[in-house]
Amino acid sequence: MDDWGPESGRGGVILRTLAERPFCSIVIPCYNEEEHIERVVRAAAGQRYPADRMEIFVVDGRSLDRTRDIVRALADEDPRIILLDNPQRLQAAAMNMAIKRSRGDVIVRMDAHADYEPGYVAASVAALRRTGALNVGGAMRPRAKTTFQKALCAALGSPLGVGGSASRDPEREGYVESVWCGAFRREAFELAGLFDPDARTNEDAELNQRILERGGRIYQSRDIVGHYYPRSSFRTLFQQYFNYGSGRARTILRRGLPPSIRPLIPFTTLVTFTVLASLAAFYPPARPVLGAAVSVYVLAIFAAAAWACRRVDGRLVFHVAAMFPVMHLAHGLGFAVGLARYAQEPLRDAEPERLTAR
(Lines give C-alpha, C1' and ligand atoms only; values in the text may rest on other atoms or scores of the structure.)
Protein backbone atom coordinates (compact mmCIF):
# COMPACT_ATOMS: atom_id res chain seq x y z
CA MET A 1 0.00 0.00 0.00
CA ASP A 2 3.04 2.24 -0.29
CA ASP A 3 1.70 3.61 -3.57
CA TRP A 4 -1.31 5.23 -1.95
CA GLY A 5 -1.75 8.98 -1.97
CA PRO A 6 -0.85 11.48 0.74
CA GLU A 7 -4.25 11.69 2.47
CA SER A 8 -3.98 10.37 6.04
CA GLY A 9 -6.52 8.11 7.68
CA ARG A 10 -5.57 9.72 11.03
CA GLY A 11 -4.98 6.31 12.46
CA GLY A 12 -1.64 5.50 10.88
CA VAL A 13 -3.22 4.41 7.58
CA ILE A 14 -2.36 6.16 4.34
CA LEU A 15 -5.33 6.54 2.03
CA ARG A 16 -5.90 7.58 -1.54
CA THR A 17 -7.52 10.96 -2.01
CA LEU A 18 -11.30 10.45 -2.10
CA ALA A 19 -13.07 12.30 -4.89
CA GLU A 20 -15.71 14.88 -4.05
CA ARG A 21 -18.39 12.63 -5.60
CA PRO A 22 -16.94 9.12 -5.55
CA PHE A 23 -18.84 6.25 -7.12
CA CYS A 24 -20.99 4.64 -4.40
CA SER A 25 -22.24 1.06 -4.22
CA ILE A 26 -25.28 0.62 -1.97
CA VAL A 27 -25.80 -2.90 -0.60
CA ILE A 28 -29.14 -4.05 0.85
CA PRO A 29 -29.12 -7.59 2.34
CA CYS A 30 -32.62 -9.02 2.74
CA TYR A 31 -34.76 -12.09 3.36
CA ASN A 32 -38.58 -12.20 3.30
CA GLU A 33 -38.91 -8.41 3.27
CA GLU A 34 -41.94 -7.89 1.02
CA GLU A 35 -43.37 -5.34 3.47
CA HIS A 36 -40.25 -3.18 3.55
CA ILE A 37 -38.11 -3.81 0.49
CA GLU A 38 -39.79 -1.39 -1.93
CA ARG A 39 -39.52 1.48 0.53
CA VAL A 40 -35.83 0.97 1.26
CA VAL A 41 -34.86 0.41 -2.39
CA ARG A 42 -36.72 3.56 -3.44
CA ALA A 43 -34.99 5.42 -0.59
CA ALA A 44 -31.65 4.25 -1.97
CA ALA A 45 -32.54 5.16 -5.53
CA GLY A 46 -33.89 8.56 -4.46
CA GLN A 47 -30.77 9.74 -2.68
CA ARG A 48 -29.67 13.31 -3.32
CA TYR A 49 -26.52 12.13 -5.02
CA PRO A 50 -25.61 12.03 -8.73
CA ALA A 51 -27.61 9.18 -10.23
CA ASP A 52 -24.75 8.15 -12.49
CA ARG A 53 -22.47 7.79 -9.48
CA MET A 54 -24.46 5.05 -7.75
CA GLU A 55 -25.33 1.37 -8.11
CA ILE A 56 -27.72 -0.54 -5.83
CA PHE A 57 -27.32 -4.22 -4.96
CA VAL A 58 -30.23 -6.04 -3.35
CA VAL A 59 -28.85 -9.36 -2.10
CA ASP A 60 -31.71 -11.72 -1.34
CA GLY A 61 -31.38 -14.86 0.79
CA ARG A 62 -33.85 -16.84 -1.35
CA SER A 63 -36.97 -15.24 0.11
CA LEU A 64 -40.16 -17.27 0.28
CA ASP A 65 -42.43 -14.25 -0.14
CA ARG A 66 -42.74 -11.62 -2.90
CA THR A 67 -39.44 -9.86 -2.13
CA ARG A 68 -37.67 -10.94 -5.31
CA ASP A 69 -40.63 -10.10 -7.55
CA ILE A 70 -40.80 -6.61 -6.06
CA VAL A 71 -37.08 -6.05 -6.59
CA ARG A 72 -37.25 -7.31 -10.18
CA ALA A 73 -40.04 -4.85 -10.91
CA LEU A 74 -37.99 -2.02 -9.43
CA ALA A 75 -34.96 -3.11 -11.45
CA ASP A 76 -37.04 -2.91 -14.62
CA GLU A 77 -37.67 0.76 -13.75
CA ASP A 78 -34.08 1.56 -12.76
CA PRO A 79 -31.06 -0.23 -14.31
CA ARG A 80 -28.91 0.79 -11.33
CA ILE A 81 -30.77 -1.80 -9.22
CA ILE A 82 -29.18 -5.26 -9.34
CA LEU A 83 -30.72 -8.35 -7.69
CA LEU A 84 -28.24 -10.95 -6.41
CA ASP A 85 -29.00 -14.43 -5.05
CA ASN A 86 -27.58 -15.31 -1.63
CA PRO A 87 -27.88 -19.08 -1.04
CA GLN A 88 -26.16 -18.83 2.38
CA ARG A 89 -28.89 -16.50 3.70
CA LEU A 90 -26.37 -14.76 5.98
CA GLN A 91 -26.00 -10.98 5.93
CA ALA A 92 -22.20 -11.25 6.02
CA ALA A 93 -22.24 -13.46 2.93
CA ALA A 94 -24.63 -11.02 1.24
CA MET A 95 -22.32 -8.10 1.92
CA ASN A 96 -19.26 -9.95 0.63
CA MET A 97 -21.03 -11.02 -2.55
CA ALA A 98 -22.01 -7.46 -3.39
CA ILE A 99 -18.68 -5.92 -2.36
CA LYS A 100 -16.83 -8.24 -4.74
CA ARG A 101 -19.17 -7.22 -7.56
CA SER A 102 -19.14 -3.53 -6.68
CA ARG A 103 -17.51 -0.72 -8.62
CA GLY A 104 -17.72 1.83 -5.84
CA ASP A 105 -14.94 3.60 -4.02
CA VAL A 106 -17.49 3.80 -1.20
CA ILE A 107 -19.71 0.88 -0.14
CA VAL A 108 -22.84 1.89 1.79
CA ARG A 109 -24.77 -0.72 3.73
CA MET A 110 -28.53 -0.23 4.11
CA ASP A 111 -30.66 -2.60 6.17
CA ALA A 112 -34.18 -3.38 4.99
CA HIS A 113 -35.97 -2.61 8.29
CA ALA A 114 -35.05 1.06 8.16
CA ASP A 115 -35.77 4.47 6.68
CA TYR A 116 -33.02 6.71 5.31
CA GLU A 117 -32.95 10.45 4.81
CA PRO A 118 -32.45 11.62 1.18
CA GLY A 119 -29.04 13.02 2.15
CA TYR A 120 -27.81 9.79 3.78
CA VAL A 121 -25.27 8.87 1.09
CA ALA A 122 -24.03 12.44 0.57
CA ALA A 123 -23.56 12.92 4.32
CA SER A 124 -21.66 9.62 4.52
CA VAL A 125 -19.31 10.65 1.70
CA ALA A 126 -18.76 14.06 3.32
CA ALA A 127 -17.89 12.42 6.65
CA LEU A 128 -15.43 10.03 4.98
CA ARG A 129 -13.71 12.94 3.22
CA ARG A 130 -13.69 15.14 6.32
CA THR A 131 -12.44 12.62 8.89
CA GLY A 132 -10.12 10.25 7.07
CA ALA A 133 -12.05 7.33 8.59
CA LEU A 134 -12.42 3.99 6.85
CA ASN A 135 -16.01 3.57 8.03
CA VAL A 136 -18.61 6.16 8.99
CA GLY A 137 -22.22 5.98 10.10
CA GLY A 138 -24.99 7.62 12.04
CA ALA A 139 -26.66 6.72 15.30
CA MET A 140 -29.22 3.93 15.52
CA ARG A 141 -32.40 5.97 15.72
CA PRO A 142 -35.33 3.65 16.51
CA ARG A 143 -38.79 4.36 15.11
CA ALA A 144 -42.01 2.79 16.39
CA LYS A 145 -45.24 1.64 14.76
CA THR A 146 -46.77 -0.22 17.76
CA THR A 147 -47.04 0.31 21.52
CA PHE A 148 -44.49 -2.48 22.07
CA GLN A 149 -42.02 -0.80 19.72
CA LYS A 150 -42.65 2.56 21.39
CA ALA A 151 -41.72 1.06 24.77
CA LEU A 152 -38.73 -0.71 23.25
CA CYS A 153 -37.53 2.53 21.64
CA ALA A 154 -37.59 4.15 25.07
CA ALA A 155 -35.64 1.22 26.58
CA LEU A 156 -33.06 1.38 23.81
CA GLY A 157 -32.48 5.04 24.67
CA SER A 158 -31.44 4.10 28.21
CA PRO A 159 -27.87 3.25 29.28
CA LEU A 160 -29.33 0.25 31.15
CA GLY A 161 -30.69 -1.05 27.88
CA VAL A 162 -27.63 -0.57 25.68
CA GLY A 163 -24.81 0.01 28.15
CA GLY A 164 -24.15 3.57 27.05
CA SER A 165 -23.34 2.58 23.46
CA ALA A 166 -22.26 5.56 21.38
CA SER A 167 -24.12 4.12 18.40
CA ARG A 168 -27.43 4.79 20.20
CA ASP A 169 -26.67 8.45 20.88
CA PRO A 170 -27.98 10.70 18.07
CA GLU A 171 -25.96 13.63 19.42
CA ARG A 172 -22.65 11.80 19.35
CA GLU A 173 -20.08 13.17 16.92
CA GLY A 174 -16.61 11.68 16.83
CA TYR A 175 -14.47 8.57 16.53
CA VAL A 176 -16.07 5.41 17.92
CA GLU A 177 -15.53 1.65 18.05
CA SER A 178 -18.47 0.73 15.80
CA VAL A 179 -21.35 2.32 13.87
CA TRP A 180 -24.76 1.27 12.60
CA CYS A 181 -24.80 -0.06 9.03
CA GLY A 182 -21.76 1.88 7.85
CA ALA A 183 -20.38 3.54 4.74
CA PHE A 184 -16.95 2.09 4.01
CA ARG A 185 -14.10 3.31 1.92
CA ARG A 186 -13.11 0.49 -0.40
CA GLU A 187 -9.71 0.43 1.27
CA ALA A 188 -11.33 -0.87 4.47
CA PHE A 189 -11.86 -4.23 2.79
CA GLU A 190 -8.42 -4.19 1.21
CA LEU A 191 -6.80 -3.50 4.58
CA ALA A 192 -8.92 -5.43 7.09
CA GLY A 193 -10.62 -7.99 4.85
CA LEU A 194 -14.25 -8.66 4.00
CA PHE A 195 -16.98 -9.59 6.45
CA ASP A 196 -16.54 -12.88 8.32
CA PRO A 197 -18.43 -15.16 5.90
CA ASP A 198 -19.63 -17.54 8.63
CA ALA A 199 -20.87 -14.89 11.08
CA ARG A 200 -24.60 -15.11 11.78
CA THR A 201 -24.65 -11.98 13.93
CA ASN A 202 -22.18 -9.34 15.15
CA GLU A 203 -20.50 -9.31 11.73
CA ASP A 204 -20.37 -5.51 11.70
CA ALA A 205 -18.71 -5.20 15.12
CA GLU A 206 -16.23 -7.94 14.22
CA LEU A 207 -15.22 -6.16 11.02
CA ASN A 208 -14.94 -2.83 12.82
CA GLN A 209 -12.69 -4.44 15.41
CA ARG A 210 -10.39 -5.61 12.61
CA ILE A 211 -10.39 -2.13 11.08
CA LEU A 212 -9.28 -0.64 14.39
CA GLU A 213 -6.63 -3.33 14.86
CA ARG A 214 -5.16 -2.42 11.46
CA GLY A 215 -4.89 1.25 12.40
CA GLY A 216 -8.05 2.46 10.70
CA ARG A 217 -10.63 4.79 12.25
CA ILE A 218 -14.42 4.68 12.55
CA TYR A 219 -16.50 7.84 12.81
CA GLN A 220 -20.06 8.61 13.87
CA SER A 221 -21.69 11.72 12.46
CA ARG A 222 -24.91 13.49 13.47
CA ASP A 223 -25.44 14.39 9.81
CA ILE A 224 -25.91 10.73 8.75
CA VAL A 225 -29.57 10.13 9.56
CA GLY A 226 -31.50 6.89 9.34
CA HIS A 227 -34.21 5.23 11.42
CA TYR A 228 -34.74 1.53 12.02
CA TYR A 229 -37.75 -0.43 13.26
CA PRO A 230 -37.02 -2.59 16.34
CA ARG A 231 -38.55 -5.99 17.13
CA SER A 232 -42.28 -6.15 17.74
CA SER A 233 -42.65 -8.83 20.46
CA PHE A 234 -40.86 -10.22 23.50
CA ARG A 235 -40.21 -13.47 21.63
CA THR A 236 -38.43 -11.80 18.73
CA LEU A 237 -36.62 -9.41 21.08
CA PHE A 238 -35.32 -12.32 23.15
CA GLN A 239 -34.23 -14.16 20.01
CA GLN A 240 -32.45 -11.06 18.68
CA TYR A 241 -30.46 -10.45 21.85
CA PHE A 242 -29.70 -14.14 22.31
CA ASN A 243 -28.20 -14.11 18.81
CA TYR A 244 -26.30 -10.90 19.62
CA GLY A 245 -24.77 -12.56 22.69
CA SER A 246 -23.85 -15.72 20.81
CA GLY A 247 -22.27 -13.70 18.00
CA ARG A 248 -20.32 -11.58 20.45
CA ALA A 249 -18.91 -14.70 22.13
CA ARG A 250 -17.79 -16.03 18.75
CA THR A 251 -16.06 -12.74 17.96
CA ILE A 252 -14.22 -12.72 21.29
CA LEU A 253 -13.04 -16.30 20.81
CA ARG A 254 -11.90 -15.38 17.32
CA ARG A 255 -10.40 -11.95 17.84
CA GLY A 256 -9.92 -11.43 21.57
CA LEU A 257 -11.57 -8.85 23.81
CA PRO A 258 -13.32 -5.89 22.13
CA PRO A 259 -12.21 -2.26 22.64
CA SER A 260 -14.64 -1.90 25.58
CA ILE A 261 -16.00 -4.32 28.18
CA ARG A 262 -19.61 -3.17 27.65
CA PRO A 263 -20.66 -6.32 25.71
CA LEU A 264 -19.55 -8.49 28.66
CA ILE A 265 -21.83 -6.84 31.23
CA PRO A 266 -25.00 -8.94 30.62
CA PHE A 267 -23.01 -12.19 30.85
CA THR A 268 -21.23 -11.01 34.00
CA THR A 269 -24.58 -10.05 35.54
CA LEU A 270 -26.06 -13.45 34.66
CA VAL A 271 -23.09 -15.29 36.16
CA THR A 272 -23.27 -13.19 39.33
CA PHE A 273 -26.97 -13.93 39.90
CA THR A 274 -26.48 -17.62 39.05
CA VAL A 275 -23.65 -17.95 41.59
CA LEU A 276 -25.61 -16.10 44.27
CA ALA A 277 -28.73 -18.22 43.67
CA SER A 278 -26.68 -21.45 43.82
CA LEU A 279 -25.02 -20.37 47.07
CA ALA A 280 -28.33 -19.31 48.58
CA ALA A 281 -29.83 -22.74 47.87
CA PHE A 282 -27.25 -24.49 50.03
CA TYR A 283 -25.79 -21.75 52.22
CA PRO A 284 -28.45 -19.73 54.10
CA PRO A 285 -26.17 -16.75 54.95
CA ALA A 286 -25.97 -16.02 51.20
CA ARG A 287 -29.72 -15.49 50.92
CA PRO A 288 -29.74 -11.89 52.20
CA VAL A 289 -27.01 -11.06 49.67
CA LEU A 290 -29.11 -12.54 46.86
CA GLY A 291 -32.16 -10.65 48.08
CA ALA A 292 -30.22 -7.39 48.21
CA ALA A 293 -28.84 -7.95 44.71
CA VAL A 294 -32.31 -8.66 43.31
CA SER A 295 -33.73 -5.59 45.06
CA VAL A 296 -31.00 -3.34 43.66
CA TYR A 297 -31.57 -4.74 40.16
CA VAL A 298 -35.34 -4.26 40.33
CA LEU A 299 -34.94 -0.70 41.63
CA ALA A 300 -32.42 0.00 38.86
CA ILE A 301 -34.70 -1.20 36.06
CA PHE A 302 -37.69 0.79 37.34
CA ALA A 303 -35.59 3.91 37.83
CA ALA A 304 -34.18 3.49 34.32
CA ALA A 305 -37.68 2.89 32.93
CA ALA A 306 -39.01 6.05 34.60
CA TRP A 307 -36.07 8.04 33.21
CA ALA A 308 -36.56 6.57 29.73
CA CYS A 309 -40.29 7.39 29.74
CA ARG A 310 -39.94 10.98 30.87
CA ARG A 311 -40.09 12.25 27.27
CA VAL A 312 -42.28 9.51 25.85
CA ASP A 313 -45.27 8.32 27.86
CA GLY A 314 -45.29 7.71 31.60
CA ARG A 315 -47.89 4.99 31.16
CA LEU A 316 -45.23 2.84 29.47
CA VAL A 317 -43.05 2.50 32.59
CA PHE A 318 -44.00 -1.12 33.29
CA HIS A 319 -43.67 -2.01 29.62
CA VAL A 320 -40.20 -0.47 29.45
CA ALA A 321 -39.12 -2.05 32.75
CA ALA A 322 -39.99 -5.47 31.33
CA MET A 323 -37.69 -4.90 28.34
CA PHE A 324 -34.49 -4.66 30.38
CA PRO A 325 -34.40 -8.14 31.97
CA VAL A 326 -35.42 -9.72 28.66
CA MET A 327 -32.51 -8.07 26.84
CA HIS A 328 -30.03 -8.75 29.67
CA LEU A 329 -31.02 -12.39 30.15
CA ALA A 330 -31.14 -13.13 26.42
CA HIS A 331 -27.75 -11.55 25.73
CA GLY A 332 -26.14 -13.24 28.74
CA LEU A 333 -27.56 -16.66 27.88
CA GLY A 334 -26.61 -16.25 24.23
CA PHE A 335 -23.07 -15.35 25.23
CA ALA A 336 -22.80 -18.42 27.49
CA VAL A 337 -24.15 -20.71 24.77
CA GLY A 338 -21.84 -19.10 22.22
CA LEU A 339 -18.80 -19.68 24.42
CA ALA A 340 -19.73 -23.35 24.85
CA ARG A 341 -20.56 -23.84 21.20
CA TYR A 342 -17.71 -22.06 19.47
CA ALA A 343 -15.00 -23.07 21.94
CA GLN A 344 -15.52 -26.65 20.76
CA GLU A 345 -15.80 -25.95 17.06
CA PRO A 346 -12.83 -25.24 14.82
CA LEU A 347 -13.09 -21.74 13.41
CA ARG A 348 -11.97 -20.76 9.96
CA ASP A 349 -8.86 -18.75 9.34
CA ALA A 350 -9.15 -15.71 11.62
CA GLU A 351 -8.33 -13.40 8.71
CA PRO A 352 -11.15 -13.26 6.15
CA GLU A 353 -10.42 -12.79 2.48
CA ARG A 354 -9.21 -9.33 1.51
CA LEU A 355 -10.56 -7.33 -1.39
CA THR A 356 -7.96 -7.05 -4.13
CA ALA A 357 -6.61 -3.51 -4.45
CA ARG A 358 -7.41 -1.76 -7.71
Side-chain angles (χ1 to χ4, degrees), residues 29-33 35-36 61 89-92 111-114 140-165 167-168 178 180 199-206 227-253 258 262-277 293-294 297-305 308-309 312 316-343:
C30 65
Y31 175 70
N32 285 350
E33 294 289 356
E35 293 184 17
H36 305 278
R89 295 185 174 179
L90 298 178
Q91 289 194 358
D111 285 347
H113 277 266
M140 299 180 72
R141 295 171 167 89
R143 176 171 282 176
K145 292 182 178 179
T146 66
T147 299
F148 183 91
Q149 289 179 324
K150 189 175 182 180
L152 181 52
C153 287
L156 292 171
S158 166
L160 191 64
V162 297
S165 171
S167 65
R168 299 282 183 176
S178 191
W180 175 55
R200 295 185 175 274
T201 57
N202 203 54
E203 72 280 352
D204 50 352
E206 192 274 342
H227 298 86
Y228 78 100
Y229 295 92
R231 296 301 190 268
S232 57
S233 70
F234 279 115
R235 181 185 63 81
T236 55
L237 178 64
F238 186 94
Q239 182 179 22
Q240 178 187 31
Y241 273 77
F242 183 92
N243 291 338
Y244 282 168
S246 178
R248 178 64 71 172
R250 183 178 185 274
T251 298
I252 287 176
L253 289 172
R262 177 174 44 81
L264 303 177
I265 294 175
F267 176 67
T268 303
T269 302
L270 176 63
V271 169
T272 300
F273 277 111
T274 301
V275 170
L276 287 175
V294 171
Y297 182 73
V298 171
L299 286 172
I301 64 175
F302 274 99
C309 289
V312 185
L316 294 175
V317 167
F318 289 97
H319 291 80
V320 175
M323 304 288 177
F324 296 130
V326 171
M327 291 189 287
H328 298 162
L329 176 62
H331 196 287
L333 281 175
F335 191 93
V337 170
L339 287 178
R341 175 183 177 184
Y342 296 116

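Both backbone and side-chain heavy atoms feed into the values below; hydrogens, waters and symmetry mates do not.
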Which residues share a ring pair (Phe, Tyr, Trp, His ring centres under 6.0 Å) with Phe273, sequence neighbours left out: Tyr297
Are any of the side-chain heavy atoms of Thr201 and Arg250 separated by less than 4.5 Å? no
Smallest heavy-atom separation, Ala199 atom then Leu90 atom, equals O-CD1, 4.0 Å
Return the orientation label for the Tyr241 and Tyr244 ring planes: parallel under 30°, perpendicular over 60°, tilted otherwise. perpendicular
About how many Å separate CZ of Arg141 and SG of Cys153, when rounded to the nearest 0.5 Å? 13.0 Å
What pair of heavy atoms forms the shortest contact from Arg143 to Tyr229, and how long is it? O-CD2, 3.2 Å
Under the side chain to side chain contact (heavy atoms under 4.5 Å, CB included) test, which residues partner Ser232, sequence neighbours left out? Gln149
Could you check whether any side-chain heavy atom of Pro230 comes within less than 4.5 Å of a side-chain heavy atom of Phe148, counting everything from C-beta outward? no
For Ile265, does its backbone N or O pair with a side-chain atom of Thr269 as donor and acceptor, under 3.5 Å? yes
Contact summary for Ala155 and Phe324, nearest pair of heavy atoms: O-CE2, 3.7 Å
Looking at every non-hydrogen atom in both residues, tell me the closest pair between Pro325 and Ala321 and how far apart they are. CD-O, 3.0 Å
Euclidean distance, Arg168 CZ relative to Ser158 OG, rounded to 0.5 Å: 11.5 Å
Closest non-hydrogen atoms of Met327 and Leu156, given as atom of the first, atom of the second and distance, are SD-CD2, 4.0 Å
What pairs with Glu203 under salt bridge (Lys or Arg N to Asp or Glu O under 4.0 Å), at least two apart in sequence or on another chain? Arg109
Closest non-hydrogen atoms of Val320 and Ala151, given as atom of the first, atom of the second and distance, are CG2-O, 3.5 Å
Look at the rings of Trp180 and Tyr228 and say which category their plane angle falls in: under 30° parallel, 30 to 60° tilted, over 60° perpendicular. tilted
NE2 of His113: more than 12 outside heavy atoms within 6.0 angstrom? yes
Is it the case that atom CZ in Arg200 sees more than 12 heavy atoms from other parts of the structure closer than 6.0 Å? no
Phe234 CZ: over 12 foreign heavy atoms closer than 6.0 Å: yes
